[in-house]
Amino acid sequence: MEITCYRDLEINREARHLPASTYNLAITLLARCPTKHLFVPIRSMQYMAIIDQEEFVFIDGERKCWIDIAWRNFKPQARDALDQPVAYEAVYYRTNLSAIMSRLQREFPAALQALVNKTKLDGPARIIHFPDKN
């Protein structure tokens, strides 16, 4: 799938935190994606999330290729543990999106989980050994 996305001028930006489980699941699914762009339909909202290494963008089904909200500048390295929330910035490209943002915070994790439930994992699991911190 290929989508060209456009952005209006930035309206607002705010610092937020994404729950660790949501961030970790999104990054895990992205790592398994051969195209390095993960498309996540949020059917309950008629939105599409597009995830890459830099940001998560959210597109309204009615506006097709115009980004409404982008979650950017993730700071996973600031965490001390994988179960801590990840700081990021929410960038808004339209006005009056607070209700949409609240819904995305609830619906996006469910859409990720639905994608996991459909995904067939091929190949054996790998164990990654981390060196001790001494």
Side-chain angles (χ1 to χ4, degrees):
M1 175 188 283
E2 186 173 314
I3 297 175
T4 301
C5 298
Y6 303 97
R7 299 172 201 259
D8 289 317
L9 293 176
E10 180 180 320
I11 302 291
N12 190 23
R13 180 182 294 244
E14 66 180 348
R16 297 188 70 102
H17 285 85
L18 190 62
S21 58
T22 303
Y23 178 81
N24 295 343
L25 184 55
I27 295 305
T28 299
L29 287 169
L30 178 62
R32 293 179 182 156
C33 185
T35 63
K36 303 302 177 198
H37 289 89
L38 180 64
F39 296 92
V40 182
I42 307 172
R43 298 189 195 293
S44 60
M45 295 179 65
Q46 296 300 309
Y47 262 74
M48 173 72 75
I50 304 171
I51 301 172
D52 66 21
Q53 291 290 12
E54 300 292 319
E55 64 185 347
F56 301 179
V57 298
F58 298 91
I59 298 170
D60 184 348
E62 291 181 9
R63 288 175 27 103
K64 305 287 183 219
C65 55
W66 289 90
I67 297 171
D68 284 352
I69 300 173
W71 296 355
R72 310 184 71 183
N73 301 319
F74 290 96
K75 306 247 184 304
Q77 67 278 8
R79 306 186 288 180
D80 291 325
L82 290 176
D83 62 351
Q84 292 179 332
V86 176
Y88 72 97
E89 291 179 328
V91 180
Y92 300 91
Y93 297 99
R94 291 177 48 207
T95 58
N96 302 322
L97 289 176
S98 59
I100 296 295
M101 183 63 173
S102 294
R103 280 195 69 196
L104 284 173
Q105 290 286 130
R106 287 190 316 269
E107 303 291 340
F108 180 61
L112 286 172
Q113 192 59 53
L115 194 58
V116 166
N117 294 342
K118 291 181 184 177
T119 304
K120 179 183 170 203
L121 299 178
D122 291 328
R126 293 185 318 166
I127 298 175
I128 301 172
H129 295 281
F130 293 100
D132 292 334
K133 282 186 171 178
N134 288 334

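Heavy atoms only: backbone and side chains are in, while hydrogens, waters and symmetry mates are out. Model, not experiment: these values are computed from the prediction.
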Q) Got a second to check how far Arg79's CZ is from Tyr23's OH, nearest 0.5 Å? A) 6.5 Å
Q. Between atom CG of Leu25 and atom CD of Gln113, what is the distance when rounded to the nearest 0.5 Å?
A. 6.0 Å
Q) Are there more than 12 heavy atoms of other residues, nucleotides or ligands under 6.0 Å from atom CD of Glu10? A) yes
Q | Closest non-hydrogen atom pair, Thr22 against Pro109 | A | OG1-CG, 3.4 Å
Q: Calculate, to the nearest 0.5 Å, the distance between atoms CD1 and CD1 belonging to Ile69 and Ile11 respectively.
A: 12.0 Å
Q. Should Phe56 and Tyr88 count as side-chain neighbours, where that means a heavy-atom distance under 4.5 Å?
A. no
**Q.** Heavy-atom check, side chain of Ile27 versus side chain of Phe74, under 4.5 Å
**A.** no
Q | Side chain proximity check, Gln77 to Lys75, heavy atoms < 4.5 angstrom | A | yes
Q.
Using every non-hydrogen atom in the two residues, find where Glu107 and Ser44 come nearest and quote the distance to one decimal.
A. OE1-OG, 2.8 Å
**Q.** Which atom of Ala20 lies closest to which atom of Gln84, heavy atoms considered
**A.** CB-O, 3.1 Å
Q.
So which atom in Pro41 and which in Ala111 form the shortest heavy-atom distance, rounded to 0.1 Å?
A. O-CB, 3.4 Å
Q. Side chains of Leu38 and Leu115: closer than 4.5 Å at any heavy-atom pair?
A. yes
Q | Value rounded to 0.5 Å, distance of CG in Leu30 from CG in Leu112 | A | 11.0 Å
Q: Answer whether the closest heavy-atom distance between the side chains of Cys65 and Thr4 falls below 4.5 Å.
A: no
Q) Are side-chain heavy atoms of Trp71 and Met101 found at a separation under 4.5 Å? A) yes
Q | Donor-acceptor under 3.5 Å (Arg94 side chain, Asp8 main chain) | A | no
Q) Hey, does Val57 have a side-chain heavy atom less than 4.5 Å from the side chain of Tyr93? A) no
Q.
Quick check for you: to the nearest 0.5 Å, what is the distance between His37 atom NE2 and Ile3 atom CD1?
A. 10.5 Å
Q | Ionic contact status for Glu55 with Arg7, cut-off 4.0 Å | A | yes
Q. So, the side chain of Asp60 versus the backbone of Asp68: is there a donor-acceptor pair under 3.5 Å, distance only?
A. no
Q: Inspect the surroundings of CZ in Arg72 and state if more than 12 heavy atoms from other residues, nucleotides or ligands are less than 6.0 Å away.
A: yes
Q. Could you give the distance from OH (Tyr47) to CD1 (Ile42), rounded to the nearest 0.5 Å?
A. 9.0 Å
Q. Same cluster or not: are Val116 and Ile51 linked, directly or through other Ile, Leu, Val, Met, Phe, Trp or Tyr residues, by side-chain heavy atoms under 4.5 angstrom apart?
A. yes
Q | Min side-chain heavy-atom separation Ile100-Met45 under 4.5 Å | A | yes
Q. Which pair of non-hydrogen atoms, one from Pro19 and one from Gln105, has the smallest distance, and what is that distance?
A. CD-NE2, 4.5 Å
